[in-house]
Amino acid sequence: MSGTVGAMPIEAIEKRASLSDIAMERLVDAVSRGELVPGERFQEAALARQLGISRGPLREAIRRLEGRNLLVRVPHVGVMVASPSPEEVLDLFMMREALEGLACRLAAERMTDGELDEIDAVLARHGEQPDVTSGNGYYQFPGDQDFHYRIIRGSRSARLEELLLGELYHFMRIFRYQSSVEPGRAQAAHTEHVDVARALRRRDPDAAEAAMRLHTAHARLSIARAVEQARARHGDGGNRDRGGTDRGNKDQE
C-alpha cells in the first residue's frame, strides 16, 4: 500500500516482527511447554545467549510479559516465571467460559462466510499437526493461526477483544496448551473446535455459545487436573534457577 504527499509517492512501512516480539513468543512457548516452570528464575545473559539475541530486545520482551503477569521481578532475586495459584487459574478459566461463549454467540451472527472459510482452513491444518494426531498436545500459534483468536475477533466486540486478547491472551494460551497434553485431550479439543465451527456455519448463536462453553468447561476441568499434577511434580520449582545459580543470588550483569 502506498500514498502520496504532493507529487512524492510514499511506500507504506512493511510491518515485521521485532526481535522483542520473537523473544516474547519464545518465552511464552517455553512456559507453555514446561521448559520454564512456574517459580523458576532465569538469568538474562544466559537466556539472551540461548536465544541468540542481545539483552536489549530480551529485556523489552521481559518487560512486556511482566505487564501481562506472566513474569514477576522479585527484589534481590531477579525475574521469575509467575506461579499463580490453582484457584487463580481456575477463576480465569471460569471467566473465559462466559466471555468466549458470548464472543462465539456474536461471531455466529457477525462473521462473514469468508472468515468462516478461514476458520475451517485453520482447523484442517491443526488436525494435521503430528502432536494433535499423536495426542501429545495441541499448540496454536498466536494470532490468525489461533482458533479462539479468530472467533474473538469475529465477534466484532471491542470490549471482548480488550478483555480476551489483551493482558489475558498469552496467559490463557499457556494454560490452554498445558490442558491439551492430558491423554486424549488434544484430539477431543480439536473435535470440539470443529463442533463450534459447524454451529458458526449454521449461524446458530445458541448452539455456537453452547458448544464453546462446553469446550472451555472441558478445558477447565483438564487444567484443574494438570495444575495439581504440575504443583506435585514441581513442589520445589521455586528453587530452580535457569543458569545454574542459587535462587537467593542476584543476577550477574
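Keep in mind that the numbers below use all heavy atoms, side chains included, and drop hydrogens, waters and symmetry copies.
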Problem - Under 3.5 Å donor-acceptor, R105 side chain and G101 backbone - result: no
Fill in the blank from the handout: When rounded to the nearest 0.5 Å, the distance separating CD1 of I223 from NE2 of H218 is 15.0 Å
Exercise for the section: Check whether the side chains of S222 and E182 place a donor and an acceptor atom closer than 3.5 Å, and report yes or no. Expected result: yes
Handout entry: For the student: nearest non-hydrogen atoms of S155 and L106, plus distance
Key = O-CB, 3.8 Å
Handout entry: Shortest non-hydrogen separation from V181 to N136 and the atoms involved
Key = CG1-O, 3.5 Å
Handout entry: Audit row: R125, E128, salt bridge (charged side-chain N to carboxylate O under 4.0 Å, His left out) steps and yes/no
Key = CA-CA 5 Å; R125 289 193 292 273; E128 296 172 352; over 6 Å; no
Practice task
First locate atom CD1 of I151, then atom CE of M111, and finally report the distance between them rounded to the nearest 0.5 Å.
Solution key: 6.5 Å
Exercise for the section: Return the set of residues passing salt bridge (charged side-chain N to carboxylate O under 4.0 Å, His left out) with D117 (not counting sequence neighbours), or none when no residue passes. Expected result: R201
Exercise for the section: Provide the closest heavy-atom pair for G127 versus T133 in the form atom of the first, atom of the second, distance. Expected result: O-CG2, 3.2 Å
Exercise for the section: Mind checking the CG-CZ spacing from L123 to R150? Nearest 0.5 Å is all I need. Expected result: 10.0 Å
Practice task
Answer yes if F175 and L71 sit in the same cluster of Ile, Leu, Val, Met, Phe, Trp and Tyr residues linked by side chain heavy atoms under 4.5 Å apart, and no otherwise.
Solution key: yes
Practice task
Could you tell me whether the side chain of L70 reaches within less than 4.5 Å of the side chain of V31, counting heavy atoms only?
Solution key: no
Handout entry: Results of side-chain hydrogen bond (donor to acceptor under 3.5 Å, both in side chains) for R49 - residues two or more places apart only
Key = none
Handout entry: Test item: side-chain donor near acceptor, Y149 and R153, under 3.5 Å
Key = yes
Handout entry: Check: F171 ring centroid to Y169 ring centroid under 6.0 Å
Key = no
Practice task
Could you tell me which non-hydrogen atom of L200 sits nearest to which non-hydrogen atom of C104, and how far apart they are?
Solution key: CD2-O, 3.6 Å
Problem - Between CD on residue E209 and CG on residue L102, distance to nearest 0.5 Å - result: 6.5 Å
Exercise for the section: Give, for atom CD1 of I22 and atom CD1 of I53, the distance between the pair rounded to the nearest 0.5 Å. Expected result: 8.5 Å
Problem - Within-4.5 Å side-chain heavy-atom neighbours: I152 and L99 - result: no
Practice task
List the steps, then state whether salt bridge (charged side-chain N to carboxylate O under 4.0 Å, His left out) holds for R63 with E66.
Solution key: CA-CA 5 Å; R63 185 190 64 77; E66 285 183 76; over 6 Å; no
Problem - Hphob cluster co-occupancy, L160 + M172, side-chain heavy atoms under 4.5 angstrom - result: no
Handout entry: Donor-acceptor pair between R96 and H148 side chains, under 3.5 angstrom
Key = yes
Exercise for the section: Determine whether V194 and M212 fall in the same hydrophobic cluster, where Ile, Leu, Val, Met, Phe, Trp and Tyr are linked whenever their side-chain heavy atoms lie under 4.5 Å apart. Expected result: yes
Completion exercise
On a heavy-atom basis, the closest approach of S83 and G39 is CB-N, 4.0 Å
Practice task
Would you kindly confirm whether Y177 and L165 end up in one hydrophobic cluster when ILVMFWY residues are joined by side chain heavy atoms under 4.5 Å apart?
Solution key: no
Exercise for the section: Might you point out which heavy atoms bring D131 and S134 nearest each other, and give the distance in Å? Expected result: O-OG, 3.3 Å
Handout entry: Residues E192 and R185 bridged, charged N to O under 4.0 Å
Key = yes
Problem - Shared hydrophobic cluster for M24 and Y139 (ILVMFWY, side-chain gaps under 4.5 Å) - result: no
Exercise for the section: Enumerate the residue pairs fulfilling ring-ring contact (aromatic ring centres under 6.0 Å, His included) with a member in residues 78-129, sequence neighbours excluded, ordered by first and then second residue. Expected result: H126-Y138
Exercise for the section: Using a 4.5 Å cut-off on heavy atoms from C-beta on, say whether the side chain of L168 contacts that of L163. Expected result: no
Fill in the blank from the handout: Rounding to 0.5 Å, atoms CZ (R220) and CE (M95) come to a distance of 13.5 Å
Exercise for the section: Would you mind reporting whether D144 and E118 have side-chain heavy atoms less than 4.5 Å apart? Expected result: no
Practice task
Verify, without hydrogens or angle tests, whether R203 (side chain) and A108 (backbone) share a donor-acceptor contact under 3.5 angstrom.
Solution key: yes
Practice task
Using atom types as modelled and distance alone, determine if a side-chain donor or acceptor of R173 lies under 3.5 Å from a backbone N or O of Q140.
Solution key: yes
Exercise for the section: Among L51, D21, L47, find the residue that satisfies the side-chain contact (heavy atoms from CB on, under 4.5 Å) test when tested with R26. Expected result: L51
Problem - Residue pair F147 / V196, side-chain heavy-atom distance below 4.5 Å - result: yes
